[in-house]
Amino acid sequence: MLAIRLWSHPSLSAGQPESVAVYDHNGRLLRLVLADDQRYRLWLPLQEMPQTLRDAVLLHEDAWFYRHPGVNPASLLRAAWTTYAGGGARVGGSTITMQLARLRWRLQTRTPGGKLVQIARALQLEASYSKDDILEAYLNLAPYGGNIEGVGAASLIYFDKPASALTLPETLTLAVLPQAPTRRGRLRRDAERGDSYAGAGLAAARARLYARWQQEHATDAAQDASMALPITLRTPRGLPFAAPHFVEQVLGERFLHAQAGPRIDTTLDLRLQRLLESRVRSHIQRARARGVHNAVAMLVDTRDMGVRALVGSADYFDDSLHGQVNGTTGKRSPGSTLKPFIYALALDQGVLHPATVLRDVPSAFGPYTPENFDGRFLGPVTAADALVRSRNIPAVTVAAQLQQPGFYQFLRDAGIARMASEGHYGLALVLGGGEVTMEELARLYAMLGNDGLLKPLRLRKEDAQAGGTALLSAEAAYIVRDMLRRGPRPDAHATSGLREQPIAWKTGTSWGFRDAWSVGVVGPYVLAVWLGNFDGAPNPALVGVDMAAPLFFSIVDGLRAARVDFAEPPRRWPLNLKRVEVCRASGDLPNAWCPQRGWTWFIPGKSPIRTSTVHRAIAVDSVTGQAACGPFDPARMRMQVFEFWPSDLMQAFAQAGIPRRAPPVNADCADVADVGVGDAPRIQSPLRATRYLLRLSRPRESAIELRATLDADVSRAFWFAGNSYIATTTRGGSAQWIPEREGRFKLSVVDDHGRVDARNVEIAVER
């Protein structure tokens, strides 16, 4: 017997498939998944089971368990006499070891032959395993009604708590259930209250066991009172099915972890999950009138990168909108939601600062000629306003100036998967020409909240918290958050009297009105919402600021009402930032004539710095009002300050209905303006990186337009192909050029102050 016991044996739990219990961040059950054999089973070590449960089971099932060798002859003889000779009801004489043998080897024990096999197997178990091993296995394999096996699953299903937290009435209930699980496990439902109650058989069996328990253990009046209450149980149908998309994603990733056990503790917060689901459901009910039926939302805590809530579709059970698809993992056009990272890169590369004035004017970037969403152009606009107002032309202009990394490489470094080649997107990537998932977008915005550090999302508590990869400086992340916080809520009139939490948020609308986004950093959280159709069907109502932003702020208001802590997490400080005074008109350091000044953030050693040239003082003839030539004569001249805007901005002002007065220019004056003060010409046509085709059969139809943006102090500009003069243009004017041959030409434009711009052009000939 000693040799058999010392011989290596597999654990009694080996080969027993287990259920998987998924819990939220606070230990609340999200879902209990069936084991591979379609049973609910959670294996618990004996030491995790309460002593009262072990005592109650032994008292009810096998009081001599620790004193017999696996078989109790007296019990067997009594059962045999009652069943076969006494003519009474069938009575069992099995010990706990014998019952385990029947459960483990699926034995048929209703015949004498089957009973003998059961006895032999029980002796085998006693010879191979300790009493505690056998009791543990029995309590984990005992039937508890239907497809529920073991104390672990039964306590979780019936009482919504672990076995270690069972009360005495609950313990006694589980102790008597395995004797007749099918009959005693039948529950009746109270239609008025919605609770399920055990039948009279289970209550009577528990009462008999309690009477025996009182003979062995001391009890009190409180326990007597609790035993008088009806037995309320939860049925398997009442098990929670919370956060279905999130749980399925966690279960899918479980197979990637070799050491994954039957319990999964996640980062999700069930309270916040239900809040997001409620807000999404309410919003979609209103949006259906406009043909919008689906929405996705995600909430991430940037402090540990845990996903606190995830709504993968508006209705998981609605097949008409493909509700079981997890929308957070699908690739979608991000619209303008990626623009903040273009400006962040530009801040780090010294291209701009928040007050840098950008041109929102008709522009061409090679063959690419983007437009704004509203079809209008605002003229000069600061970088901060361009971002908040989501102007397309400035964003593309800034992206075209990025060096290393460029915007495409930045997205690759940030882990945006399945991207095509850089040439496939070109500058259209800036305006949502690529595709991202909501998870990828949430990670990017979490990087803004984590001072430029990119970290992976976490779904499980045991997932390691990575230190992160620095893709942006803390200074750039701070400035971009500050810029995004300037955007007013779409319902600002309704909340103007409230003290709002600063929210760094952005909207996005994809081309063709297929995706409406709103993403932002709210204190320590990142919230992302999307509305659209999983099949990509367009809808003019799918505009980010009109459709997604109201849902975004509805969720924010719900979180605030639920008293979620929005306190700013600790940031990296101090930052290498300064506040610098600038001229509002140009965004540059103010010169002596700048009338309106403001302050902006400045990164020393990175941000561009130069003196403003928009406001200039020139000598004006007091009689004619024209620019005066020669030395200043106070008797006939006066100094007057004018705004010197380039020709493209002057045209944009005129189109916007706010024309600017052109400064007086005297072409006969050679020294009215200093060549070092004004801006050099900027060639607009011919386009950069474009190959032009000259048809010899129709040369005039192949003429190339010559057009340049000129400073306000310029009257004329002169065009050259190499060293050969080809045309003269005026402010706002253009000329036509017909090349005489094919090949590469260096086109130059020189204004009447000697300032130059040049561009290489390739000409091909079709004969």
Side-chain angles (χ1 to χ4, degrees), residues 346 349-352 356-359 361-370 380 393-394 396-404 406 426-427 586 588 608 610 613-614 644-652 665 667 670 672-694 699 702-765:
Q349 296 182 19
V351 175
L352 52 76
T356 296
V357 173
L358 305 173
R359 286 175 164 84
V361 296
S363 304
F365 303 86
Y368 182 50
T369 54
I393 306 301
V396 177
T397 302
V398 172
Q401 300 177 62
L402 297 178
Q403 299 299 320
Q404 290 298 325
L427 290 173
S586 64
D588 297 323
R610 68 171 188 170
T613 60
V614 169
F644 281 71
W645 295 104
S647 56
D648 56 346
L649 291 182
M650 289 289 284
Q651 184 178 2
V665 176
V672 170
D674 185 356
V675 68
V677 173
D679 293 327
R682 292 188 302 110
I683 296 176
Q684 294 180 303
S685 178
L687 303 176
R688 193 185 306 276
T690 302
R691 188 169 180 261
Y692 287 87
L693 184 64
L694 174 64
S702 305
I704 299 173
E705 183 182 23
L706 303 177
R707 187 176 68 255
T709 297
L710 303 177
D711 192 78
D713 63 356
V714 174
S715 299
R716 294 174 297 174
F718 309 96
W719 293 81
F720 298 87
N723 294 323
S724 302
Y725 166 80
I726 54 177
T728 299
T729 56
T730 58
R731 277 178 52 85
S734 63
Q736 301 293 317
W737 173 48
I738 303 175
E740 298 179 352
R741 58 177 178 82
E742 63 181 348
R744 298 180 67 87
F745 294 83
K746 182 178 181 180
L747 283 183
S748 303
V749 58
V750 183
D751 66 20
D752 51 15
H753 294 286
R755 297 170 297 217
V756 183
D757 189 21
R759 177 169 297 177
N760 291 321
V761 178
E762 182 179 358
I763 306 296
V765 172

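The model shown is predicted, which means the values in this text are computed figures rather than measured ones.
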Practice task
Test side chain to side chain contact (heavy atoms under 4.5 Å, CB included) on Val398 and Leu352 and set out the steps.
Solution key: CA-CA 8 Å; Val398 172; Leu352 52 76; 3.6 Å; yes

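- Residues Phe644 and Thr613 approach most closely at CB-O, 4.3 Å, considering heavy atoms.
- For Glu705, the side-chain hydrogen bond (donor to acceptor under 3.5 Å, both in side chains) criterion is met by Arg707, Ser734, not counting sequence neighbours.
- Of all the heavy atoms in Glu742 and Val765, the pair that sits closest is CB-CG2, 3.2 Å.
- Remark: Ser586 engages Ser612 in a side-chain hydrogen bond (donor to acceptor under 3.5 Å, both in side chains) (not counting sequence neighbours).
- Every residue meeting the side-chain contact (heavy atoms from CB on, under 4.5 Å) condition with Arg741, not counting sequence neighbours, appears here in chain and number order: Phe745.
- Asp757 is linked by a salt bridge (charged side-chain N to carboxylate O under 4.0 Å, His left out) to nothing, counting only residues two or more places apart in sequence or in another chain.
- The shortest non-hydrogen separation linking Pro686 to Arg759 is O-NH1, 2.6 Å.
- Using a 4.5 Å heavy-atom cutoff, the side chains of Pro739 and Tyr692 are not in contact.
- Counting non-hydrogen atoms of neighbouring residues, nucleotides and ligands closer than 6.0 angstrom, the CD atom of Gln401 exceeds 12 such neighbours.
- Rounding to the nearest 0.5 Å places CG of Asn760 at 7.0 Å from NZ of Lys746.
- The minimum heavy-atom distance linking Ser748 with Ala758 is given by the pair OG-CB, 3.9 Å.
- Arg731 meets the side-chain hydrogen bond (donor to acceptor under 3.5 Å, both in side chains) test with no other residue; sequence neighbours excluded.
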Exercise for the section: Check the pair Asp713 / His753 against side chain to side chain contact (heavy atoms under 4.5 Å, CB included), numbers first and verdict last. Expected result: CA-CA 9 Å; Asp713 63 356; His753 294 286; 3.7 Å; yes

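- Take Trp719 and apply the side-chain hydrogen bond (donor to acceptor under 3.5 Å, both in side chains) test, not counting sequence neighbours, and it matches Thr729.
- A salt bridge is defined here as a Lys NZ or Arg NE, NH1 or NH2 lying under 4.0 Å from an Asp or Glu carboxylate O, and Asp588 with Arg610 meets this definition.
- With sequence neighbours excluded, the residues that form a salt bridge (charged side-chain N to carboxylate O under 4.0 Å, His left out) with Arg744 are Glu762.
- A 4.5 Å side-chain heavy-atom check between Arg359 and Pro646 finds at least one atom pair inside the cut-off.
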Practice task
Determine, stepwise, if the pair Thr728 / Phe718 fulfils side chain to side chain contact (heavy atoms under 4.5 Å, CB included).
Solution key: CA-CA 5 Å; Thr728 299; Phe718 309 96; 3.5 Å; yes

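- Here the CZ atom belonging to Phe720 is positioned 11.5 Å from the CG atom belonging to Leu747, to the nearest 0.5 angstrom.
- A pairwise comparison of heavy atoms in Asp752 and Ser715 identifies OD2-N, 2.8 Å as the closest pair.
- Shown here are the side-chain contact (heavy atoms from CB on, under 4.5 Å) partners of Leu693, two or more places apart in sequence or in another chain: Arg695, Ala764, Glu766.
- In summary, of the residues considered (Asp679, Val750, Val714), a side chain to side chain contact (heavy atoms under 4.5 Å, CB included) with Arg755 occurs for Val714 alone.
- Rounding to the nearest 0.5 Å gives a distance of 9.0 Å between OG1 of Thr397 and CG of Leu427.
- Of all the heavy atoms in Ala727 and Ala735, the pair that sits closest is CB-CB, 3.8 Å.
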Handout entry: Stepwise side chain to side chain contact (heavy atoms under 4.5 Å, CB included) test for Ile704 and Leu694
Key = CA-CA 9 Å; Ile704 299 173; Leu694 174 64; over 6 Å; no

